[in-house]
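These numbers were taken from a predicted model, which means no experiment stands behind them. Just so we're on the same page: letters track the sequence lines, and every chain starts at 1. These numbers come from the heavy atoms of this one structure, side chains and all, not from hydrogens, waters or symmetry mates.
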Amino acid sequence: MRFLSFEIQAEQFGIQLETIKEVIAFPTVTPTPGTPTYFLGFMRLRDQILPVIDLRIRLGYVPTLTHDTAVVVCEWNGNSVGLVVDCIHTVVAPDEKDIMKTPLSADNQGATLISCVVRSDAGLTLLLDVKGVLNASDEDLIRSKSTLNQLRHAG
Amino acid sequence: MSTAENLNLSNRLLKACGDLERSLMTFKDINQKAHFIALSAAIEGARMRSRLGTFSIVASQIAAQASKNNQLSEELEQLIARIKIESLEAIAVRNLELSMDLIDKLDRNLFERNCDVQAWAGFEEIKRALTSPSEDSSKLAGDVLGRLTGIYVVYSESLLLDVSGNVAACAAQKNFIGMDLSSEDWFKGALAGQVIVTDLHFSEILKSRAVFYCAPVLSDDNNVIGVLCNCFNWDYAQEMIQSGGFSRESKAIIINSQGTVIASGQEHQILNDTATWLEAGEIAIADGCGISNEKARNGASLAVGFAHTKGYNAYKGKNWSAIVLETIGDIDMAVGSKIIEMNKKPDSGRIKIASEISGYKLLETMKKIDDLVLEINANNREVKLLAVNASIQAGLAGAEGEGFSIIANEVAVLAKKSLSFVEEVNQITVQLREAVEFSSSVRLVDAARDTMSKIDRNLFERFCDIQAWAIFGTLVEACKSNQAQDAESMALLEKIHRIYEVYHDIYILSLDGRVLASAINRSVIGQNFSSKDWFRSAQAGSIFVSDIYVSETLKTPLMTFSSPIHDSEGRIIGVIASRFNCNFLNDILRATIVDSLSRCFLINTSGAVVGSAANDDILNKQMNGIETVKSNQTQDSGFVENTKIGNEEFCLGFSNSKGYNTFKGQKWMTIVERPLRLAHMTKKLTPAERFTEVVLERSKRAA
């Protein structure tokens with residue numbers, strides 16, 4: 001198993017490589033009114049338009065804008081989405097023995113967010129489940145017709 | 001300003017340039033490696049059968065970054081070349097200012113010498129030695145000339161010749177009397193009625209180097225009855241070169257209209273060497289003024305400033321020029337000779353342009369370098385992410401992606417190296433900026449010191465004048481007879497007033513304080529000035545120099561010089577007083593070479609402004625900043641970093657008066673103030689602010 005490691009507010013996180021398409025620098029985002037705070041808007045990536053979600057706000061952190069702020073482009077349910085993080089590190093291929101299941105119980109909200117925990121010299125890295133990060137109402141939001149219309153006008 | 005500090009200036013600027021160049025070499029290395037990596041990536045990408053598309057995309061992105069960085073490094077190279085040129089200019093411009101000051105000092109001195117000889121030719125004793133020649137009259141004339149040359153200090157000899165060219169009287173060497181000098185060109189010229197100033201030459205008569213000032217001596221009915229020749233001791237011109245603020249690596253020379261060296265720190269050059277091998281020299285001879293960067297005869301690199309004479313008042317100059325040459329360190333001058341001539345602009349414009357050409361251009365170029373470095377930094381960010389993307393693709397490809405993985409790592413390493421390059425450049429530009437600000441402060445001190453020196457020299461001349469005029473036989477007689485409005489005295493005072501140009505008026509007063517005669521203002525004749533301090537001081541036997549005050553009636557700033565008048569037994573029989581028009585001092589302040597927002601002031605012992613470019617300031621303006629300066633009295637001259645005057649912050653250059661020769665000075669000082677906002681031409685942003693700026697800039701461009 002390989003994952004991309006990144007950090008938010010000095011906490012180490014990761015996402016499995018299969019879900020990731022690419023990483024890009026923090027772009028110009030066109031905001032969309034009437035959406036939750038963590039939903040930053042839409043951005044253009046080559047011939048595509050993707051929604052951008054601020055992972056830091058989503059996980060309850062205060063967002064910052066620095067030289068290192070970047071976007072991880074993930075694929076979820078056939079759609080691409082961009083997740084804003086503080087700093088991207090590198091691709092990690094951990095040993096089997098260092099991968100641990102999350103200690104949280106299934107009904108804890110955290111359980112849907114975190115797929116597993118990886119141990120390393122630097123400490124613990126929490127691997128995020130992209131599906132869990134975006135809950136069901138977000139799915140509707142992303143798929144709703146009005147949003148698509150706005151997309152067409154913005155594009 | 002110590003020579004060590006001057007040395008630092010050029011060295012600092014040039015060292016920073018060298019560092020920038022070396023840094024750039026590293027960056028070019030990095031970019032070269034990036035190109036190879038891009039190639040490897042393309043190869044690996046082609047080798048991937050699965051995931052071919054995605055690998056290729058990443059590979060081409062790496063290549064694109066590499067060429068972008070290349071472009072940026074080319075731009076950086078051009079900017080660094082410009083910084084080099086502009087640094088050289090900055091160094092040379094300081095030398096330009098020093099050369100302008102040197103030739104100006106010389107011009108002012110020669111003007112005074114030009115006046116002296118014309119004035120002395122009017123002494124009764126001088127005329128009598130020619131109209132009724134005898135041993136006695138010759139001795140009397142010689143005594144007068146001796147006293148005069150003693151007062152002014154700067155003459156080595158003074159010769160009085162009759163119409164046949166024979167020496168009738170002289171100040172120092174009595175064995176000159178009787179010598180036939182009729183073949184001398186200067187004698188012939190003066191005999192024809194002209195005031196002649198010779199070039200510097202080795203005088204066979206005096207067996208030393210001298211410049212002769214020669215004036216015709218006229219009888220009462222304006223016939224030429226002889227020639228008076230004052231021999232200026234050239235050591236006093238040489239002394240100007242020694243006392244200028246030249247660094248150890250700088251040499252100042254004066255050249256005549258043919259390009260021959262007539263004054264120099266190196267004795268052996270005088271009247272032996274020429275400056276025509278210098279492009280600067282040729283332009284100077286042709287009435288030019290400016291800077292040049294060229295090679296010395298021994299191959300060393302030079303930063304040169306040069307200025308042609310402008311004369312002063314009625315003295316038109318001898319077409320001499322001053323050149324200041326500075327040997328600069330290890331810098332490759334493939335750029336070639338760069339000449340900037342500033343002759344075409346009007347005087348004040350010429351001077352201000354000289355100051356602005358240097359420091360500010362450098363700061364602007366440095367701002368461009370800063371911007372470029374920001375771009376390189378932003379690019380770096382892209383490269384880092386590119387490396388991660390490459391890793392991602394490699395990871396997804398599994399075993400096949402091993403080769404690509406390696407490439408990804410190498411790209412990441414390059415990005416790190418780029419980052420340290422950027423940090424290096426930032427540090428260097430900080431040093432450059434400091435050097436430029438330092439050079440500005442050096443020039444403030446130069447300006448303060450040179451201005452004070454010129455003022456002291458001027459006051460010395462006025463100090464000598466009043467003592468010299470006190471021995472005019474005509475005036476002594478008028479005081480003895482106590483007769484008011486004596487025609488001869490008035491005519492004499494008028495003549496002196498006309499010759500010297502800088503006085504407002506000149507009076508002689510009787511011992512009880514009544515004005516007996518004046519040069520211009522007839523209405524003061526008969527008025528009593530016995531209560532005035534200048535009168536009482538002279539009446540008691542001391543030479544008096546007043547402070548500067550503003551005349552109510554005339555609205556001009558004035559200074560009074562006074563001296564006792566003695567009879568042949570040494571008894572005080574009257575007083576002579578001169579009113580010096582201090583607008584001539586303000587002219588010096590106006591011409592002080594600084595940038596357009598800086599100003600120069602003359603401050604007296606009470607801290608009041610007594611001289612300024614703007615007349616309104618005089619005795620009105622408060623210089624609160626001088627508190628800072630007063631505590632710096634240990635130094636002759638120096639620089640104050642940051643002081644508040646009113647609401648604004650300034651940096652100051654200051655210089656305390658040192659007097660000149662026999663004139664001990666008034667303990668005044670000059671202050672040159674420059675508003676601090678000039679120093680921070682580029683707004684200093686925090687890293688976060690600059691980052692946001694670049695992001696906004698780029699998104700604007702992308703949109």
Side-chain angles (χ1 to χ4, degrees), chain A residues 1-7 13-31 40-49 52 62-75 80 82-94 118 127 130 154-155, chain B residues 51 53-55 57-58 60-61 65 374-399 401-402 404-409 411-413 415-416 418-419 422-423 686-703:
Chain A
M1 185 272 283
R2 293 186 215 221
F3 68 92
L4 177 69
S5 78
F6 55 90
E7 78 179 39
F13 292 95
I15 293 178
Q16 286 191 281
L17 221 50
E18 287 75 34
T19 337
I20 298 180
K21 284 183 70 181
E22 65 183 292
V23 298
I24 50 178
F26 188 74
T28 324
V29 178
T30 317
L40 293 185
F42 293 91
M43 64 165 273
R44 191 182 241 121
L45 177 66
R46 291 189 288 277
D47 50 354
Q48 270 195 304
I49 293 186
V52 180
V62 176
T64 57
L65 180 64
T66 70
H67 191 80
D68 294 319
T69 311
V71 173
V72 182
V73 180
C74 302
E75 192 135 43
S80 298
L83 302 173
V84 183
V85 304
D86 281 348
C87 177
I88 295 188
H89 292 314
T90 180
V91 173
V92 183
V118 174
L127 260 61
V130 176
Chain B
R51 313 193 74 84
T54 37
F55 266 45
I57 290 175
V58 174
S60 59
Q61 281 176 337
Q65 280 306 320
L374 269 184
E375 275 215 50
I376 293 176
N377 224 17
N379 244 31
N380 242 19
R381 197 174 56 146
E382 311 273 346
V383 174
K384 274 204 314 219
L385 294 176
L386 215 50
V388 176
N389 274 331
S391 294
I392 291 173
Q393 294 308 322
L396 291 171
E402 279 303 311
F404 218 65
S405 233
I406 295 170
I407 290 168
N409 284 341
V411 174
V413 163
K416 245 213 214 131
S418 244
L419 190 65
V422 161
E423 277 169 19
T686 64
E689 286 170 348
R690 302 184 99 188
F691 173 73
T692 324
E693 252 191 56
V694 172
V695 168
L696 291 173
E697 182 84 20
R698 290 187 137 199
S699 53
K700 260 185 255 163
R701 266 187 270 153

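- Closest heavy-atom contact between B:Q393 and A:K21: NE2-O, 3.3 Å.
- Note: B:I392 CD1 to A:I15 CD1 = 10.0 Å, rounded to the nearest 0.5 Å.
- Contact of A:A70 with chain B is made through the side chain alone, with heavy-atom distances under 4.5 Å.
- Smallest separation of non-hydrogen atoms from B:L385 and A:A25: CD1-N, 3.2 Å.
- Summarising the geometry, atom OG1 belonging to A:T66 is positioned 8.5 Å from atom CZ belonging to B:R381; distances are rounded to the nearest 0.5 Å.
- Considering A:I24, A:L4, A:T90 as possible partners of B:V388, the one that fulfils the side chain to side chain contact (heavy atoms under 4.5 Å, CB included) test is A:L4.
- Contact check for B:K384 versus A:D68: side-chain heavy atoms found under the 4.5 Å cut-off.
- Summarising the geometry, atom NE2 belonging to A:H89 is positioned 13.5 Å from atom OG belonging to B:S391; distances are rounded to the nearest 0.5 Å.
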